[in-house]
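Naming: A, B, ... by sequence-line order, numbering from 1 per chain.
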Amino acid sequence: MYLYFQRLLIDRVRKFLQEQYGLDLPTVVIEQPPKVEFGEYALPLSFELAKRLRKAPRKIAEELVAGIGKIPGFERLEVAGAGYINARLCRAEAALALIKSEFPSLAADRRKILVEHSSINPNKAAHIGHLRNAILGDTFVRLLRCSGYPVDVQNYIDNTGVQVADVVVGFRELEKKTKADIEALIQQPRFDYICWDVYAAASSWYEEDKKNLDKRAETLHAIEEGNNEIAQIADLISTAVLRRHLETMDRLSIEYDFLPRESEILHLHFWDLAFRQMKEKGVLYLESGGKNSGCWVMKRPSALNKKPDELTDDDTKVIVRSNGTVGYVGKDIAYHLWKFGLLGRDFGYCKFYRYPTGVQCWISAMKGEPKHPHFGDVSAIYNVIDTRQAEAQNTVVEALRALGYTNAADHYTHFSYEMVALTPRCASEMGYPLSEDEMGKPYIEVSGRRGFGVKADDLIDRLISSAQKEVDIRHPELPDDERAAIATQIGVGALRYFMLKFTKTSVIAFDFKEALSFEGETGPYAQYAVVRATNIFRKAGLTPEQVLAEAADFGKYLEGETGNEIWEVWLAASKTSTVLEQCITTTEPAYAAKHAFQLAQLFNNFYHRHHILTEADPARKHFLLATAAIARRELISLLAVMGISVPPVM
RNA sequence: GGGCCCGUAGCUCAAUCGGAUAGAGCAUCGGAUUUCUAAUCCGAGGGUUGCAGGUUCGAUUCCUGCCGGGCCUACCA
């Protein structure tokens, strides 16, 4: 609703400027006045035009206000301050429009969008860093879907890399486990936890004696080769850990459609096709001298502006090693050609995991099932990968561009975000030994290699049990299963909100105290606002839908000081679709979280000041109920976009 | 050395394309409940937006330099 009137206003202003002054402004800046009394929109454009028109800003504002005249849905325009133009909506009309508004579909074409997120190495338990990735990614998927885009969700599985090899080494060399032993271990409820420790042990074993690294190389080679016991063990482990990751993420209602694995990219020879294209088009060249002699290399994106004679070995990225093997970035280029349907080869597909919701998750295979959905060949992609891989991502984009796939390159978005780290206090509380140097740092990076980190399932467990205690106290009358379900919703809500409230560029210095909080700017705060609203309708014996269906002219209740206060609730509610659109265009889900909190805050304030059920005037009572219904409706959809459901009671 | 990011209240973070008096939460202190459940609400204190210049009618935001911190910069993934 807010967006609709905003566009209407901008169109009128732009049209007037064109007719009156012959000006064609590409963008008209619009913002919100500091107080609702001033109106819903503020235009600072008079300041901008002052120089071009050689008139005082205030004079221009006056001309604009007089010239534009009446706009449907608006009460009036007025000049404010040194030359702002404030626009006031007709509140009664706007309120009715909001009640009737349906969520606008932004999707222009029906071609699929691909979001890749999670992509956790299948060699150990997922940790808080992976949670941030998955929650950001899943929320972005929900944002796109709720705006009408068809989306495929992919989770890339590096099942043949060094990290899996290290766990295999750990089990075989340190734990002396046979294939049969490992098969038995996999049956344990949290096999990924066992791997967590084994991986850390293997990593420190390498440090004890560099010769131990030979085992890694041997193992890695055997895995890539295939058809041997080591490869079978690696597959056993990585598949079991992958299954655990899916279970962990499913606890947060995070689902995937397809799991492309590196083993298939390797064995289906995706790279050969990519390599051929890249050689033909001169994207790669064979280095003849220097330290990279004998390697096929690409210019680094950071060196794009350098002249040929300024280039050094450091400005090139090795894609194919001198021994002929391809590196990670090369495989990623091939994979991304596939994503855009530019490779000329496809995966086989097998069913892998069925979610309780009925969604089927597929996995890549050499020879797949005959009937399967079509993945890849999409119009746009979003890769949710932390900022440390920015350069690798840029290299892939530049490879696409250099191959002449500019359209693909333009629709490739690295959804970049900062890492989750531990505060030194949190790390030492968890018993991790820190050097003096590290104690003085603002945060300590999570490290799977060192075994430093908060495991995702542990954090979820703690959040749920902490919520459980509260629910048990507050609702002893409810049966066990209902209390458990409520605690789960609250715990998950707290976690998802926590990961979304920070903007992507902010490093999260993780601390249990903050993450476990259910008060203030948290998920449960917003959930609680909805529960309060729901309680009103339950007591009143009405549904919010009934109340909204009978909407009347609320004009007189939206005037004056009290009216202003309540109008703030309506206005915030009306901005939901604007905010969601902003989240998509800026790839920043934090705006949705901030907005949900603000709306919940406004509602809680309203709830406190106006006692609805005891209101004597039936018409006013109806208006107050409608206010609660609108805030509740918008909050529920905002939370749903964040993957947060609302319990029936709290 | 080069590239990217960050520096805002005691702490953790916001601030829409450069706009009106820089806002929240936590913590601290003081209040509010015979009411739709207090996981709530109200109030108070707390700021040279790292420093110095520049552009602008206007800078937390843009530019330059400096200081401090982080990440990347492997023939690892």
E477(A), CD: over 12 other non-hydrogen atoms inside 6.0 angstrom: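 For E477(A), atom CD is crowded (more than 12 foreign heavy atoms under 6.0 Å).
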Is the shortest side-chain N/O distance from [X] to OP1 or OP2 of [N] below 4.0 Å?
| X | N | answer |
| --- | --- | --- |
| R300(A) | A74(B) | yes |
| Y443(A) | C6(B) | no |
| K441(A) | G70(B) | yes |
| Y328(A) | A77(B) | no |
| R532(A) | U37(B) | no |
| R321(A) | C76(B) | yes |
| N605(A) | U40(B) | no |

With nearest nucleotides of RNA chain B determined for T586(A) and E391(A) from heavy-atom distances, which residue corresponds to the more 5′ nucleotide?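 With T586(A) and E391(A) compared, the 5'-side residue is T586(A).
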For N292(A) and K539(A), take the nucleotide of RNA chain B holding the closest heavy atom to each; which residue's nucleotide lies nearer the 5' end?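 Taking each residue's closest nucleotide, the earlier one in sequence belongs to K539(A).
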Flag for R632(A)-T534(A): side-chain donor and acceptor within less than 3.5 Å: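 Yes, because at least one side-chain N or O of T534(A) sits under 3.5 Å from a partner of the opposite role on R632(A).
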Compute whether any side-chain donor of one residue and acceptor of the other, for R538(A) and N535(A), lie under 3.5 angstrom apart.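 Yes, N535(A) and R538(A) have a side-chain donor paired with an acceptor closer than 3.5 Å.
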So that I know where these two stand, are Y591(A) and H595(A) an aromatic pair - ring centroids less than 6.0 Å apart?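 No, the ring centres sit 6.0 Å or more apart.
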Compute the ring centroids of F510(A) and Y443(A), then answer whether they are less than 6.0 Å apart.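 No, the ring of F510(A) stays outside the 6.0 Å limit from the ring of Y443(A), centre to centre.
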Which word best sums up how the rings of F498(A) and F502(A) line up, parallel for under 30°, tilted for 30 to 60°, or perpendicular for over 60°?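 If you compare the ring of F498(A) with that of F502(A), the planes turn out perpendicular.
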Would you call the rings of F597(A) and Y525(A) parallel, tilted or perpendicular, taking 30° and 60° as the class edges?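 F597(A) vs Y525(A) ring planes: tilted.
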Name the nucleic acid region contacted by [X], choosing base, sugar-phosphate or nothing; use a 4.0 angstrom heavy-atom cut-off, strictly under.
| X | result |
| --- | --- |
| N86(A) | base |
| R538(A) | nothing |
| Q601(A) | sugar-phosphate |
| T614(A) | nothing |
| I490(A) | base |
| Y607(A) | base |
| V471(A) | base |
| K513(A) | sugar-phosphate |
| P33(A) | base |
| F518(A) | base |
| N535(A) | base |
| G327(A) | sugar-phosphate |
| A42(A) | base |
| E445(A) | sugar-phosphate |

Pick the [atom1] atom in [N] and in [M], then give their distance to the nearest Å.
| N | M | atom1 | answer |
| --- | --- | --- | --- |
| C17(B) | C63(B) | P | 14 Å |
| G50(B) | G43(B) | C1' | 32 Å |
| C29(B) | G18(B) | P | 42 Å |
| G45(B) | C11(B) | C1' | 16 Å |
| G65(B) | U61(B) | P | 16 Å |
| A39(B) | G46(B) | P | 31 Å |

Side-chain donor/acceptor contact of H610(A) with base of U35(B) under 3.5 Å: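 There is none.
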Hey, is the side chain of S506(A) pairing donor to acceptor with the base of C13(B) inside 3.5 Å?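 When only heavy-atom distances are counted, S506(A) does not reach the base of C13(B) through any donor-acceptor pair under 3.5 Å.
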Check this for me, if you would: do R388(A) and D386(A) make a salt bridge, where the nitrogen-to-carboxylate-oxygen distance has to be below 4.0 angstrom?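 Here R388(A) pairs with D386(A) in a salt bridge, since their nearest N and O are under 4.0 Å apart.
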Do side-chain atoms of R58(A) reach the backbone of G81(A) as a donor and acceptor pair under 3.5 angstrom?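 Yes, the answer is positive, given that a donor and an acceptor are paired below the 3.5 Å cut-off.
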Between the protein and nucleotides 56-64 of chain B, list the N/O to N/O atom pairs that are separated by less than 3.5 angstrom.
{"from": "C57(B)", "atom 1": "OP1", "to": "K51(A)", "atom 2": "NZ", "distance (Å)": "2.9"}

Which of these nucleotides, A14(B), C76(B), C75(B), is closest to any side-chain atom of V318(A)?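 Shortest atom-to-atom distance from the side chain points to C75(B).
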